[in-house]
Structures are given as structure tokens and as C-alpha cells.
Enquirer: 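Mind having a look at this structure? Questions to follow.
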Number of protein chains: 2
Amino acid sequence: MPRKPNYDRDELIERARDLFWKRGWAGTSLKDLEAVLEMKPGSFYAAFGSKEALFKLAMEKYATDGRERLKALAQEHGPIKALQRFPKMVVENDTAPAKACMLSKTLLELHAHKHPLAHEANLHLLKMEAHFAELFQQAQSAGDIDVSHDPKVLARRYQSDLLGLRVSAEREGVDAKAIAAEIANGLIRL
Amino acid sequence: MPRKPNYDRDELIERARDLFWKRGWAGTSLKDLEAVLEMKPGSFYAAFGSKEALFKLAMEKYATDGRERLKALAQEHGPIKALQRFPKMVVENDTAPAKACMLSKTLLELHAHKHPLAHEANLHLLKMEAHFAELFQQAQSAGDIDVSHDPKVLARRYQSDLLGLRVSAEREGVDAKAIAAEIANGLIRL
DNA sequence: TGTATACTTGAGTGATCACTCAAGAAAGCC
DNA sequence: GGCTTTCTTGAGTGATCACTCAAGTATACA
């Protein structure tokens, strides 16, 4: 009896993610979304409910994709190599809508307003940090990093450096690849 | 013959800076500014011309204040100690409107729109980086840092770490002071 | 093919956006 | 006190914001 929608929901969320990632929350208007998703307002609200609900979906996709890329890297090269390659990978991805992390952008834009999406971004960052800690611990088990270090401390610092790297990569005239290499090299001396 | 304005322009710019710093460009409405500056729209536009013009002034004040704080630190403690203390100082300043750097917030928010203010933020960041490089060079002359390092490379990395630190400080549940201490310690081993 | 059921359309909602401007108030000089 | 000049006031500008909804359209099952 029903009629099926003539779009791929997941693909729409990806397109929305790219737009939100690039332009931020306030910088993305519904008109922009309508253009990119090729949807009229009625369909949009029937499909997603609100701009905020779609942003949340987009951010979830962003976060899980990031974790999966890290996981894939670890499976292929092992924990320490994954941690070393990740910064470079992030910075060299020229197809990405922005160099900076969508989670940090969201956090910085909306934290002062105590917007629920800022809290959401925070949670995703925590999850990623936990993932980093896990890899650091595995690297210790493999003998690649001295066990005197607390993996959680290493992960906290690593993520901080990564966030800094990605802000720097958004700047003009800054050699982000060089910084990424420095971060990678810093892991050898642990 | 004329009538003098009944406000202190510099103080108004400071108040605007605090609001912009905290809430960002799009997050700060003219209504917000009118409330904080205690000005009606007519006076506001007579005094500053536009929201963008005031933001630019606010960002300039932010940038020069930052450079002066660093300079004061260097004069009191010397270059290497200044570089070590600066991250801690930034993170521990509880009176600041936000932990994150106003320049990076502006850059991340407006870079995708190619907004002139993003370019402006970029220039201020470059100036600050040059200041860092100068201190690194002075620290080398003083024998505190090995001369094998390029001060410009050190400054680039230092600023990246600092930006990451300040994003991390904006998060909840992250011990930013610990990261600041790690950054400071990292400078000893150079 | 008829009908029920969803999806699509797009003009329209009130609210808020940055900004304007004419009129009134206050200060400095004679 | 009168006059000039600037500052202050605040209602009002069109544009854009996120969002709604009634009407039209297409699809799947009978």
C-alpha cells in the first residue's frame, strides 16, 4: 500500500554531514540543505524531523566512520603503526570537506550556548579517545611502547595533538604534513 | 561645539571581544551586542559601522593582548620559561570568556565561507607564531634549546600543540592542566 | 483498475537577522 | 541664553531564518 521514498537515506545523511562539517551549524541553512539533498522542505521534515536531528545523525556518521577508519588501520598495520599513520591520513585526505575535525568544530561553535549538539560532540570525542587508549595499550603489549606510560594519558595527549594538527591544517601557509610527521615520530620515543 | 560620546570606546571593544570570543560570529546577534554594550542600534552603527567592523577590532584587541602577555612573560622569566608557562597560563585563566583561542574559533567557523574575518584570524595566528619563533631562537642563544632545531619548526609545532590544548580545554572531563604540563615538559628535552 | 497510503510539493508562517533614519536630547562655544 | 554640532533614541526596513501544512502525486496491493 505505501509508497517508497525515492532517495537513499544513508546517502542523504552523508551529504548533509559533508555540508555541516564544512560550514558548521549556523553556517548551514535549510536552503543549503534543500539544495544539496535535493529535497523540498516538506520532504526534509518528513524524513528527518528537524535540522538538529539531521545534524545529530550526520555527526554520528562522522564519528563512527572515523572510528572504523582507525580500526581498519590497526587491523592492517598493527596498533603503533596505526597511531603513527592516522594523523598523516587525516591531513592528506583532500576529498574531505574540511581538514578540521567536525566534532571539535561543533564543540567550539555550540559549547557556549550549551547546545545539546555540543554535548553530543563531546561524547563522540570521548569515545574516540577511548579507542586511542586501547591502541596505546595494545602497542604496550606488543612491546612498542614502554609500559611505564599510562595509556589513557597517552591517548589524551595524542588526541589533543591531533585536534591541534587539524586546526593547523585548516590554516593557510602551514605545512600540516610536517606536523603530522612530527606527531608520528614522537610516538617512537615512548 | 560638538558633543562627546558617553562611553569608553576601548572598554566597549573589550566587552564585544569577550562576547564574540565566547559565542562566535554567527552566535552573537546585534541584540546581544546592544545588551552588553548598552547601546541602541543607532549609536552602535555610528560608533562602529557594522558588526563585522567591530569583530575585527575585537579580534585585533584579542591578538595584541595575547602577544603582550607573552612578551611580559618573557621579560619576567626569560624566553624558555615563558614558553613553558604560557600554556598553563592560558588554561588556568578562569576569567576568560572561553578556553579555546578566539582566532582558531573564528578561523574554523568562517574559513569555509571565505569570510574576510577568517583571513584576518589567519594573519593574527601567523604573527603569534612568529613571536613564538623569536622566543625559541632566544632560548637557543641562551643555551636552553639545542641549536640543531629550526626555531620556525619549533614554533609551528608549539602553536599547533597550543591550539590542540585549548580545544581540549573546552571539552568536559579533560584535564587540560595536565596536557599543558606535558607540553611544557616537552620543551626541556629539546 | 481501484483504492488506500505514503511521499512530494511549494507557498506561506511568525520570528529574528543586520541595519537605517528621522527626530529629539545634550554638550561646547559665543 | 542661543546656536551649532554631535550623539542618542527606537520604531521600522527588507531579507532570511527554521519550519508547517494542505493539496497534489505516485506506488503497492486488492
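Treat the numbers as computed from the prediction; the structure is a model and nothing was measured.
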Enquirer: Could you state the atom-to-atom distance from CZ of Phe48(B) to P of dC19(C) in whole Å?
Expert: 14 Å
Enquirer: Classify the ring geometry of Tyr158(A) against Phe136(A): parallel below 30°, tilted from 30° to 60°, perpendicular beyond 60°.
Expert: perpendicular
Enquirer: Report all interatomic pairs (protein N or O, nucleotide N or O of nucleotides 8-12 of chain C) with separations under 3.5 Å.
Expert:
{"unit_1": "dT8(C)", "atom_1": "OP1", "unit_2": "Asn6(A)", "atom_2": "N", "d": "3.3"}
{"unit_1": "dT8(C)", "atom_1": "OP1", "unit_2": "Asn6(A)", "atom_2": "OD1", "d": "2.4"}
{"unit_1": "dG10(C)", "atom_1": "O6", "unit_2": "Gly42(A)", "atom_2": "N", "d": "2.9"}

Enquirer: Respond yes when some side-chain nitrogen or oxygen of Tyr45(B) is under 4.0 Å from OP1 or OP2 of dT20(C), and no when none is.
Expert: no
Enquirer: Near DNA chain D, which residues from residues 106-119 of chain B have a heavy atom under 4.0 Å away?
Expert: none
Enquirer: Are the side chain of Tyr62(B) and the backbone of Met102(B) linked by a donor-acceptor contact shorter than 3.5 Å?
Expert: yes
Enquirer: Which residues satisfy the salt bridge (Lys or Arg N to Asp or Glu O under 4.0 Å) test with Asp94(B), sequence neighbours excluded?
Expert: Lys99(B)
Enquirer: Could I get the full list of salt bridge (Lys or Arg N to Asp or Glu O under 4.0 Å) partners for Asp32(B), not counting sequence neighbours?
Expert: none
Enquirer: How long is the line joining NZ of Lys51(A) and P of dC19(D), in whole Å?
Expert: 8 Å
Enquirer: Send over the distance from Leu30(A) CG to dT16(C) C1', rounded to a whole Å.
Expert: 15 Å
Enquirer: Answer yes or no: is there an ion pair linking Lys61(B) with Asp65(B), defined by an N-O contact shorter than 4.0 Å?
Expert: no
Enquirer: Report yes or no: does Glu170(B) contribute a side-chain atom to a donor-acceptor pair with the main-chain N or O of Ala100(B) at less than 3.5 Å?
Expert: yes
Enquirer: Under the 6.0 Å and 45° cation-pi test, does Lys51(A) pair with Trp25(A)?
Expert: yes
Enquirer: If you assign Gly49(A) and Asp32(A) each to the DNA chain D nucleotide with the nearest heavy atom, which residue ends up on the more 5' nucleotide?
Expert: Asp32(A)
Enquirer: Between Glu34(B) (CD) and dC17(C) (C1'), how many Å, whole number?
Expert: 11 Å
Enquirer: Do Arg15(B) and Glu11(B) sit within salt-bridge range, that is, some charged N less than 4.0 Å from a carboxylate O?
Expert: yes
Enquirer: Quickly work out the Glu52(A) CD to dC17(D) C1' distance and round it to whole Å.
Expert: 15 Å
Enquirer: Which residues, if any, of residues 14-29 of chain B bring a heavy atom under 4.0 Å of DNA chain C?
Expert: Thr28(B), Ser29(B)
Enquirer: In this structure, how many angstroms lie between the P atom of dT9(D) and the CG atom of Leu37(B), rounded?
Expert: 13 Å
Enquirer: Show every donor-acceptor pair shorter than 3.5 Å between a side-chain atom in residues 111-129 of chain B and any protein atom, with sequence neighbours excluded, or say none if there are none.
Expert:
{"unit_1": "His115(B)", "atom_1": "ND1", "unit_2": "Leu117(B)", "atom_2": "N", "d": "3.0"}
{"unit_1": "Glu129(B)", "atom_1": "OE1", "unit_2": "Arg171(A)", "atom_2": "NH1", "d": "3.1"}
{"unit_1": "Glu129(B)", "atom_1": "OE1", "unit_2": "Arg171(A)", "atom_2": "NH2", "d": "3.0"}

Enquirer: With a 4.0 Å cut-off on N to O distance, would you call Glu182(B) and Arg156(A) a salt bridge?
Expert: yes
Enquirer: For Arg157(B), is there an ion pair with Asp161(A) - N to carboxylate O distance below 4.0 angstrom?
Expert: yes
Enquirer: How long is the line joining CG of Leu33(A) and P of dT16(D), in whole Å?
Expert: 17 Å
Enquirer: Measure from CZ on Phe55(B) to P on dA18(C) and round the result to the nearest Å.
Expert: 13 Å
